[in-house]
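The analysis underlying the following values was restricted to heavy atoms, covering all of them including side chains, and did not include hydrogens, waters or symmetry mates. Quick note on labels: first sequence line is chain A, next is B, and so on, each numbered from 1.
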There are 2 protein chains.
Amino acid sequence: MRSYAQYCSVARALDVVGERWTLLIVRELMQQGSCRFTDLKNGLPGIATNLLSSRLKDLENDGLIAREEAPPPVATTLYALTAEGRSLEPLLKALGDWGRHLMVAEHPGDAFRAHWMAYAAESFTVDSEPEARPVVVQLISGDNSAFIEVGGGEVRSTVGRAAAPELTIEGPTRLVLGLLAGMIDMGQAIGSGARITGNSDVLARLRRAGPGLVPDAAVSSRLGRRTRTGASSA
Amino acid sequence: MRSYAQYCSVARALDVVGERWTLLIVRELMQQGSCRFTDLKNGLPGIATNLLSSRLKDLENDGLIAREEAPPPVATTLYALTAEGRSLEPLLKALGDWGRHLMVAEHPGDAFRAHWMAYAAESFTVDSEPEARPVVVQLISGDNSAFIEVGGGEVRSTVGRAAAPELTIEGPTRLVLGLLAGMIDMGQAIGSGARITGNSDVLARLRRAGPGLVPDAAVSSRLGRRTRTGASSA
DNA sequence: CCGGATCCCCAGGGATACTG
DNA sequence: CAGTATCCCTGGGGATCCGG
């Protein structure tokens, strides 16, 4: 494990979680809870098995995750975050918040997973009307579906289909999430191929107050192609 | 530039700022403002010049920093954060906050810079008594000195010496910062070689409320040696 | 099928020398 | 001072193989 060898808290944090894939492994465990090796591999398209194995060892040595040997019925080893591992949540939140504005750019080959959509939907939105009655919003993007439950000031997300959603947004993930986050408006979304059914007034309730959601078109278009690591696009 | 190729805001953020050295360059520009190439090199002990050069180009392409050609008197190029670059502050903050608990472990060869101490002192403390009169705390660690001014609910830090500090803490940086952050107590600090002069009651005022500052001895001792990248220890 | 370990190859990183 | 050029080496990507 390589160190920056600087007596600075930022550098020391990066010594531990700054290597490639490390924070994404933490993201998976944060979103999914305990995972098998294969679950992790599946949630991290593009990672090599030796790297995943190596990172898991490092994370265990640093006390961020723990291995649990599951009893006979399943008879497999599970990986889970420790308390210290969970303490990375604000960092992951900050990273996801900052990365939000990068989500409008189209990168055709990008892989996608339903639980990422659930996670994004949860962290990109907020219940601005805690007093109003709870509502459910269904999100659908190709095979991937998730729904969010909004009420009492909380936003909770789940992978899959809801029974009776007040609002359904279906279309390319960019549009679904962009619409939720307020980065694009409904006219744009529909014009670009999104389908919205139900009570669209609900969208306003999900808006975060203040700035930070403005689409930075200049930035998103300036960001050029990056070399792909050959991931399967789900 | 390599990409994770995942349609997830965390992954996309890491595509841009996840490569080695990138966030530390941002840290330097955040702490120091506009920098010359050499200033950056000096604030990033261990970095290779080609890497620094390469990262600066990447950061410029991504719109996080901008080059300014300074007029004849200085006649050099300066690097500065753009507005989007400055938007990384919460992320750097989260990283530094998480890394705080790693600062108690001793890594003998680590490099150190006075402005890192200033930055750490500022982000590790808080003015818990905004109504009380302003005070100045001087921090000294070998050749490196910085002081913090506390008052009106704000904490501001500066590299160098203050005129008439209410409190002076001198000793190994671990002890100085550990004492400020509340990770070690005064008895320990003095016993380990710190020298404290002035009104030590001021320390209590700097304490952050709530948990999060507890020294995790188990963790810090478990964190083993990492290979150094050959940095000069200032 | 799961949980890796092993091997090969290449790109990215580290150290140093050199130039405008 | 501000980089560029070069060389070397390690870490990461990709595929395959193997024990349980």
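With sequence neighbours left out, the side-chain contact (heavy atoms from CB on, under 4.5 Å) criterion links B:Thr168 to B:Gln138, B:Ile140, B:Pro165, B:Thr197. Residues satisfying the side chain to side chain donor-acceptor pair (under 3.5 Å) criterion with B:Ser141, sequence neighbours excluded, are B:Thr173.
Going from atom CD of B:Glu60 over to atom C1' of D:dA2 covers 15 Å, rounded to whole Å. In this structure, A:Trp21 places its CH2 atom 12 Å from C1' of D:dG14, rounding to the nearest Å. In this structure, the CD1 atom of B:Ile47 is 16 Å from the P atom of C:dG12, given to the nearest Å. C:dG12 atom P lies 17 Å from atom CD of A:Glu19, rounded to whole Å. Taking atom CG on A:Leu24 and atom P on D:dG12, their separation rounds to 13 Å, with Å as the unit. D:dA2 atom P lies 8 Å from atom OH of B:Tyr79, rounded to whole Å. The CZ-P distance, from B:Phe37 to D:dT4, rounds to 8 Å in whole Å. As a whole-Å value, the separation of B:Asp39 CG from D:dG3 C1' is 14 Å.
The backbone N or O of A:Gly99 sits nowhere less than 3.5 Å from a side-chain atom of B:Arg12 that would complete a donor-acceptor pair. With A:Tyr7 contributing its side chain and B:Met103 its backbone, the two residues share a donor-acceptor pair below 3.5 Å. Between the side chain of B:Asn144 and the backbone N or O of B:Met117 there is no donor-acceptor pair closer than 3.5 Å.
For D:dG3, one of the phosphate oxygens OP1 or OP2 lies less than 4.0 angstrom from a side-chain nitrogen or oxygen of B:Arg67. At C:dG12, none of the side-chain N or O atoms of A:Arg20 fall inside 4.0 Å of OP1 or OP2 (strictly under the cut-off). Here B:Thr38 does not reach the OP1 or OP2 of D:dG3: none of its side-chain N or O atoms lies under 4.0 Å away.
Around the CD atom of A:Glu154, the shell of radius 6.0 Å holds no more than 12 heavy atoms that belong to other residues, nucleotides or ligands. Heavy atoms of other residues, nucleotides or ligands lying less than 6.0 angstrom from CD of B:Gln188 number more than 12.
The pair B:Arg174-B:Glu106 meets the salt-bridge criterion, since a charged nitrogen lies less than 4.0 angstrom from a carboxylate oxygen. Salt bridge status for A:Asp15 with A:Arg2: absent, with no side-chain N to carboxylate O gap under 4.0 Å.
The rotation axes computed at either terminus of the helix from C:dC1-D:dG20 to C:dG20-D:dC1 lie 20° apart, taking five pairs at each end and rounding to 10 degrees.
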Mind listing the side-chain donor-acceptor pairs of residues 28-35 of chain B below 3.5 Å, one per line with the distance, residues two or more places apart or on another chain?
unit_1: B:Glu28; atom_1: OE1; unit_2: B:Gln32; atom_2: NE2; d: 2.9
unit_1: B:Glu28; atom_1: OE1; unit_2: B:His115; atom_2: NE2; d: 2.9
unit_1: B:Glu28; atom_1: OE2; unit_2: B:His115; atom_2: NE2; d: 3.2
unit_1: B:Glu28; atom_1: OE2; unit_2: B:Trp116; atom_2: NE1; d: 2.9
unit_1: B:Gln32; atom_1: NE2; unit_2: B:His115; atom_2: NE2; d: 3.3

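A heavy atom closer than 4.0 Å to some atom of DNA chain C occurs in A:Asn50, A:Ser53, A:Lys57, these being the qualifying members of residues 50-58 of chain A.
A:Phe124 carries A:Arg100 over the face of its six-membered ring, with the cationic atom under 6.0 Å from the centre and within 45° of the normal.
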Listing time: all N or O pairs from protein to nucleotides 16-20 of chain D that are below 3.5 Å?
none

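The side chain of B:Arg36 sits closest to D:dC1 out of D:dG11, D:dG14, D:dC1. The side chain of B:Arg2 lies closest to C:dA11, out of D:dC1, C:dA11, C:dG3.
Heavy atoms only, all atoms of each residue included: B:Val159 and B:Ala114 are closest at CG1-CB, 3.9 Å.
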